[in-house]
Amino acid sequence: MKKLSAYAIPLAVSSLLLCSSPVHGQVADVPDAKPVAGIPVNEVEANVGSYTLPDLLTLSNGQPVKDAATWFNQRRPEIVKIYETQVYGRVPATAPKVTWEVASIDRTALGGTAIMKKLVGHMGSPDGPAINVTLYTPANATKPVPVLLGINFNFGARPAAAPNAKEVDAINQDFRALMEKQDPATKAIFDKYPAFGLVTPPAAPAGGPGGVPIARLLAAGFGYASYVKDDVETDIEGPTLNPNVNIVRKLALAPGQTAPAPDEWGAIAAWAWSLSRVVDYFETDKDVDAKRIAITGGSRLGKTVLWAGVNDPRIAMVIACSSGEGGASLARRNYGETIAHLVTPTRYPYQFAANYQKYAAHPENAPMDTHMLVAAMAPRPLLLHTGANGDNWSDPKGEYLAAIAATPAYQLVGKKGLDRTPNQEPVTSELVGEDLAFYLNNGGHAALNWDIALQFMTKHFHPGQ
């Protein structure tokens, strides 16, 4: 068993929009943190106390894990099973099949730099609820490209449906024929300006949801795809508890069943399941290198991508932003959000398996902690990206310590993690680690630093090759 103690974090002496050099101690204590849902909140590092993590490299029968074969064949399956049944919930056998179609293709998107495909995945039946995915790939690509897949929040209404470039051209041809019939003199004008159209296709944004720099990704040789979690399962929180068994989890209910079983999927597991269904489509698309798929999401979707990556070995990389409690942050650390905060009835119990509630009062009694979840991604690249400014609630240091504690598993399988010890504080604006990496961004909650993300993706995916 590994004993970790809390270490005081100095107060931040300044808060800058950009850092020219690494700065220690940017996560400042909040001595007067207010209770959440009536549950006390600690955001003072000195009050965390000490805790003992489950031994990462010891089997449930007490035997040590000394080689990669034992890790992959015995210890890792144990860890995944615990998280599947006790935290996120297993996907039931009744989960619906997803049937994909390419609804439209625009080969001149983003000023001719991209091919944009609108994908629709119908859950359960051809007229079942739809997962709506937008996929961009570089127009000048001569071979399949690696793709970053983002699962996003639905902030605001979606743009109205609009015709694609081919449909716009057909509309203009009809308009021209109609006008020439009414006034033959207009034919000479149209002949003089053949590129002129009365209707123009809507401009696709250069930046995607949350300010995603799609143009930069394309220029670097990556594709980008995204969709919103609300296509898959609802995410209604508040004083009036909604179990959020409304879309895919409702479709999967067995006859007579009104809610998932205690060990069956919460909303996070449903969203993670949907990421794998998008990967199913990628394996059929000749423009996509399905062996180089990265996924990313922030906050509750940071938890989602971490669990999806652990579950699906086809996912080659995970960039999890501010996944916090219930994600990569150590549950045994009494800092910021806790299991009790997550599963209290007025907040997010629906995001997890009902079994998770057993550990709210005493997380120290749980058979797992998040260093085990992080380690289960090995040997694939994983970037834990956190925020230094005002994101104590997500406990960035808890993710840092989880990554340190998970590093022995990466080393066991021939990869590299963090060359740090728990008594070394995280450093703002410094990317730490190799295959398993941690970054404390000089920004807020789930604010992804795209320079760092592109650096990490390029290092491991080698676009253009």
Side-chain angles (χ1 to χ4, degrees), residues 1-7 48-88 90 303 305-313 315-318 320 323 325-333 339 355-356 359 362-384 386 395 397-424 426 432-438 460:
M1 305 290 276
K2 187 172 182 179
K3 183 96 168 175
L4 294 180
S5 296
Y7 293 85
V48 170
S50 61
Y51 50 89
T52 301
L53 295 179
D55 198 316
L56 178 65
L57 298 181
T58 298
L59 296 171
S60 59
N61 63 9
Q63 295 300 307
V65 178
K66 296 183 178 180
D67 53 60
T70 306
W71 170 259
F72 287 122
N73 296 330
Q74 297 183 60
R75 183 54 173 158
R76 186 184 184 279
E78 287 181 348
I79 291 170
V80 174
K81 187 70 172 180
I82 291 171
Y83 267 87
E84 182 181 54
T85 61
Q86 302 301 307
V87 182
Y88 300 116
R90 61 181 176 83
K303 310 180 207 309
V305 296
L306 185 55
W307 181 231
V310 167
N311 264 293
D312 192 338
I315 295 170
M317 176 188 294
V318 171
S323 63
E325 187 71 35
S329 183
L330 290 173
R332 281 166 169 76
R333 267 175 59 85
I339 297 176
N355 280 342
Y356 194 41
Y359 308 106
H362 296 285
E364 70 276 8
N365 294 337
M368 71 286 172
D369 214 317
T370 58
H371 65 307
M372 298 161 61
L373 179 67
V374 170
M377 265 298 295
R380 291 164 291 155
L382 168 61
L383 172 58
L384 300 179
T386 64
D395 189 16
K397 186 174 178 179
E399 294 198 33
Y400 171 73
L401 293 172
I404 292 172
T407 289
Y410 270 78
Q411 293 172 332
L412 188 69
V413 300
K415 297 295 182 178
K416 295 180 179 180
L418 276 64
D419 184 18
R420 294 289 189 275
T421 62
N423 64 328
Q424 293 176 280
V432 184
E434 296 290 336
D435 303 288
L436 169 60
F438 173 87
H460 292 286

Open item on the list: Quick one: does any side-chain atom of Asp395 pair with a main-chain N or O of Ser329 as donor and acceptor, under 3.5 Å?
Closed with: no
- [ ] Using atom types as modelled and distance alone, determine if a side-chain donor or acceptor of Tyr88 lies under 3.5 Å from a backbone N or O of Gly326.
- [x] yes
For residues [X] and [Y], determine if any side-chain heavy atom of one lies less than 4.5 Å from a side-chain heavy atom of the other.
{"X": "Pro408", "Y": "Leu57", "answer": "yes"}
{"X": "Arg333", "Y": "Tyr51", "answer": "yes"}
{"X": "Val413", "Y": "Trp71", "answer": "yes"}

Just to verify, what does [X] make a side chain to side chain donor-acceptor pair (under 3.5 Å) with, not counting sequence neighbours?
{"X": "Gln424", "value": "Thr421"}
{"X": "Thr85", "value": "none"}
{"X": "Glu434", "value": "Lys459"}
{"X": "Asn355", "value": "none"}

TODO: Sorted by first residue and then second, give each side chain to side chain donor-acceptor pair (under 3.5 Å) pair with at least one member in residues 363-375; sequence neighbours left out.
DONE: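 Listed once each, the pairs are Arg332-Asp369, His362-Glu364.
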Task: Qualifying side chain to side chain donor-acceptor pair (under 3.5 Å) pairs with a residue from residues 405-414, counting only residues at least two apart or across chains - done: none
Can you list the residues that meet the side chain to side chain contact (heavy atoms under 4.5 Å, CB included) rule with [X], with sequence neighbours excluded?
{"X": "Pro367", "answer": "Ile82, Tyr359"}
{"X": "Ser323", "answer": "Lys303, Ala328, Glu399"}
{"X": "Asp419", "answer": "none"}

Task: For the student: nearest non-hydrogen atoms of Leu56 and Ala405, plus distance - done: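 Heavy-atom minimum between the residues: CD2-O, 3.5 Å.
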Residues 373-384 side chain polar contacts: donor-acceptor under 3.5 Å, at least two apart:
| from | atom 1 | to | atom 2 | distance (Å) |
| --- | --- | --- | --- | --- |
| Arg380 | NH1 | Gly309 | O | 2.7 |
| Arg380 | NH1 | Asp312 | O | 3.0 |
| Arg380 | NH1 | Ile315 | O | 2.8 |
| Arg380 | NH2 | Gly309 | O | 2.9 |

Open item on the list: Tell me which pairs pass salt bridge (charged side-chain N to carboxylate O under 4.0 Å, His left out) where either residue lies in residues 67-80, with sequence neighbours left out.
Closed with: Arg75-Glu78
Open item on the list: So, using salt bridge (charged side-chain N to carboxylate O under 4.0 Å, His left out) as the criterion, who are the partners of Arg90 when residues are at least two apart?
Closed with: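 With sequence neighbours excluded, Arg90 shows a salt bridge (charged side-chain N to carboxylate O under 4.0 Å, His left out) to Asp263, Glu264, given in chain and number order.
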